[in-house]
Amino acid sequence: MVSEPQPSQETASLVKRLAGPSTGKAGLAKDQEDINRVIADVSKGSKFYENEKKKDKELTKKIEHILQLRDELTKKSGVNLQKIEASVDQILLKLESERDLSQTIVHFDLDSFFASVEVLNDPTLAGKPFAVGHTVLSTASYEARKYGVRSGMATFIAKKLCPQLIMVSHGFSDYSEMSHKVMAICKRYDPQMCPAGCDEGYLNITAYCAEHDITADACVEHLRTAVFTETKLTVSAGIAPNTMLAKICSDKNKPNGQFHLPFESEAIKSFMRDLPIRRVPGIGRVSERLLESVGIKTCGDIYTYRATLSLMDKQFGLVHLLRTHLGIASNSVQPPQREERKSIGAERTFPPLGDKKKILEKLEEVCAELESDMEETQWTGRTITLKYKLDSFEVFTRAKSSNRWISKKEDLFAIGQELLLPELPLTIRLIGLRVTKLKDLRGPDPSTGIKRFFDNSSSSSSPNKKRKLSLSEVDEAAEHPSETEKLENIKPISYRKEKPDSKSRQSPLERETHTCPVCQKQVPTENDAFNAHLDACLSRGAIREAQAEASPSPKQAQGNILERWTKLAPSSKKKS
DNA sequence: GCGGATCAC
DNA sequence: TATGGTGATCCGC
């Protein structure tokens, strides 16, 4: 009957979750625990908090399920962990043999971009704790970060952490102009420069360094000096043999510094060994928790637990993690292509509404915005997805495909209503619409995929074409059409158990087999046959890899950020 | 094709 | 008092 006066009921994971995604990605403050405590206390009781709690609970359940599955798979009779480790080691050898150290990749990143521009506009801000944003912070000055203030944080929480915090509102047109200036400078070092948002990007400086007979370090010093003298903005950079490593390295000596990873396999592997898995692009808070639950905190731990990851390839993606462990990733840098766009949308948050008429007004506004964007960028599409967020912060989507091309606001609104009305009555705080199955109204010709493949293969500035394969290219890339055609082979085990002993325990007369660490099928253990199978399996994996890399890869969702700015603040700078 | 989830910026 | 917007991908169904 005695319940201790507990200061809090939160689990550690919930407290961490409430601190937000940007906490933990960069170096965390020493007193981060205290800061997280304050954040949780301030949040407590809100609908946002309750929703986070719910999601945290669901994740905890999922982890329990995964651990149970792991134990089943590990303890299943006939499973020989050492054998599995040995076959994973074969994959590692194979991947290592394909390591490419020939390209010099740079990731550059402007230091607290929005905040730095604001200081240029108002020098009295220099050295003060301030943040840019409205209800949610876009960025915080370094002084503010000392208090635990982070981008993505709600303003009222930031104020609690740092009562002196100065709030500054966005000056989008300035950001857009500065961004374009910086990008133009960086392009001098690689015309194929790939922006990754408004304040960062990737370069392949191999050719530049050769032509100017300078080292990579000197080249990047030169670049950073040029950016500073021409814009008064400081930039940090990472130099490495691929984009993933370069991105991680650009954080090493931030702000206003650069870091050059040695271009040697051993140095790279020792760099990876102690690297927290969360630092890897594409590993977010959820993946971090999932991996941690099986003992993996660092990229070195991937090797320690390779047998588990092999058995649970489906849950974790074995080959991608192995490549990460080795520090192997794409070294291809290319500017984004217009035809690669997959969707265009608009969404708006507002004080929760329950009244049908008012909700429809919001929908109509979103439709008008979207129409205007689609008109400006000359896209139309066939599939409409409605998104709404309840008062409780739960998010739902409803979609409908049409035979017609949709881009007018009347059509958007009609379909939006069709999707929304059956859901009502609800109390809603956000409405969004997104259009997919796009058609380009500028350069019509939806079948440019193949053409581009051949164009690029001859003229690309970067060799390892690890770039995303479009569906039409998959067949071209597949060496063994008969085996690689369908994805079914990629999906190995389901939750049911495959007949265990019958195959792995065969008489000595039969050829011995064991489970392929990639596809989980039974494969002859004999070397040639096993290697042949491995090759096929990895090349299938490479397709999935290439797709998985689209998230860590440079060419994510950058171009539109600039478009959005120019839309919100069409003042000083005309766009392209 | 649809809906939920995760991730980046 | 109070927690954003745009775009991509993957998985399960």
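Each chain gets a letter, A, B and so on, in the order the sequences are listed, and its residues count up from 1. Everything numeric here is computed off the predicted structure, so don't read it as measured data.
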To the nearest angstrom, the NZ-C1' distance between A:Lys54 and B:dA5 comes to 12 Å
If you assign each of A:Gly345 and A:Val136 to its closest nucleotide in DNA chain C, which residue comes earlier from the 5' end? A:Val136
Starting at CD1 of A:Ile283 and ending at P of B:dC7, how long is that distance when rounded to a whole Å? 8 Å
Both A:His107 and A:Ser402 contact DNA chain B. Which one's nearest nucleotide lies toward the 5' end? A:Ser402
Given C:dA8, is OP1 or OP2 found less than 4.0 Å from the side-chain N or O atoms of A:Arg434? no
A:Thr135 side chain near C:dA2 phosphate (N/O to OP1/OP2, under 4.0 Å): no
Hey, does the side chain of A:His325 reach the backbone of A:Leu321 with a donor-acceptor pair shorter than 3.5 angstrom? no
Find the distance A:Phe48:CZ to C:dA2:P and express it as a whole number of Å. 13 Å
May I ask you to check if A:Arg338 and A:Trp379 form a cation-pi contact, with NZ or CZ under 6.0 angstrom from the six-membered ring centre and within 45° of the axis? yes
Does a nitrogen or oxygen in the side chain of A:Arg341 sit under 4.0 Å from OP1 or OP2 of C:dA8? no
Whole-Å distance between B:dT6 C1' and A:Phe316 CZ? 15 Å
When all nucleic acid strands are considered with a 4.0 Å heavy-atom cut-off, which category describes A:Ile157: base, sugar-phosphate, or nothing? base
Ignoring hydrogens and geometry, is there a side-chain-to-backbone donor-acceptor pair from A:Arg398 to A:Lys387 under 3.5 Å? no
Could you check whether A:Ser43 gets within reach of a base, just the sugar-phosphate, or nothing at all, counting any heavy atom under 4.0 Å? base
Is a donor-acceptor contact shorter than 3.5 angstrom present between the side chain of A:Thr349 and the base of C:dT3? no
Would you check if the side chain of A:Lys358 reaches a backbone N or O of A:Leu353 as a donor-acceptor pair within less than 3.5 Å? no
Counting only side-chain heavy atoms from C-beta out, which of C:dG5, C:dA2, B:dC2 sits nearest to A:Phe156? C:dA2
Residues of residues 284-294 of chain A with any non-hydrogen atom less than 4.0 angstrom from an atom of DNA chain B: list those, numerically ordered, please. A:Gly284, A:Arg285, A:Val286, A:Ser287
Candidates C:dT6, B:dC2, C:dT3 - which lies nearest the side chain of A:Ala399: B:dC2
Looking only at side-chain N and O atoms, does A:Lys247 come under 4.0 Å of OP1 or OP2 in B:dC9? yes
Just by modelled atom types, is the A:Arg145 backbone N or O under 3.5 Å from a matching donor or acceptor in the A:Arg150 side chain? yes
How many Å lie between CZ on A:Phe114 and C1' on C:dG5, as a whole number? 12 Å
Steps toward side chain to side chain donor-acceptor pair (under 3.5 Å) verdict (A:Ser13, A:Asp56): CA-CA 7 Å; A:Ser13 61; A:Asp56 184 68; 2.9 Å; yes
Between A:Leu291 and A:Phe316, the two heavy atoms sitting closest are CD2-CD2, 3.6 Å
Send over the distance from A:Lys400 NZ to B:dG3 C1', rounded to a whole Å. 16 Å
Check this one for me: any side-chain N or O of A:Ser401 less than 4.0 Å away from OP1 or OP2 of B:dC2? yes
A:Lys342 side-chain proximity, nearest of C:dT3, B:dC2, C:dT9: C:dT9
NA contact type, A:Phe396, heavy-atom cut-off 4.0 Å: base, sugar-phosphate, or nothing? sugar-phosphate
With rounding to the closest Å, how many angstrom separate the C1' atoms on C:dG4 and B:dC7? 16 Å
Sorted by chain and residue number, the side chain to side chain donor-acceptor pair (under 3.5 Å) partners of A:Glu118 (sequence neighbours excluded) come out as A:Tyr175
Would you check if the side chain of A:Asp313 reaches a backbone N or O of A:Leu318 as a donor-acceptor pair within less than 3.5 Å? yes
Roughly, in whole Å, what's the span from CD in A:Glu50 to C1' in C:dA2? 16 Å
What's the NZ-C1' distance between A:Lys53 and C:dT3, to the nearest Å? 17 Å
Give one of base, sugar-phosphate or nothing for A:Glu52, where a contact means two heavy atoms less than 4.0 Å apart. nothing
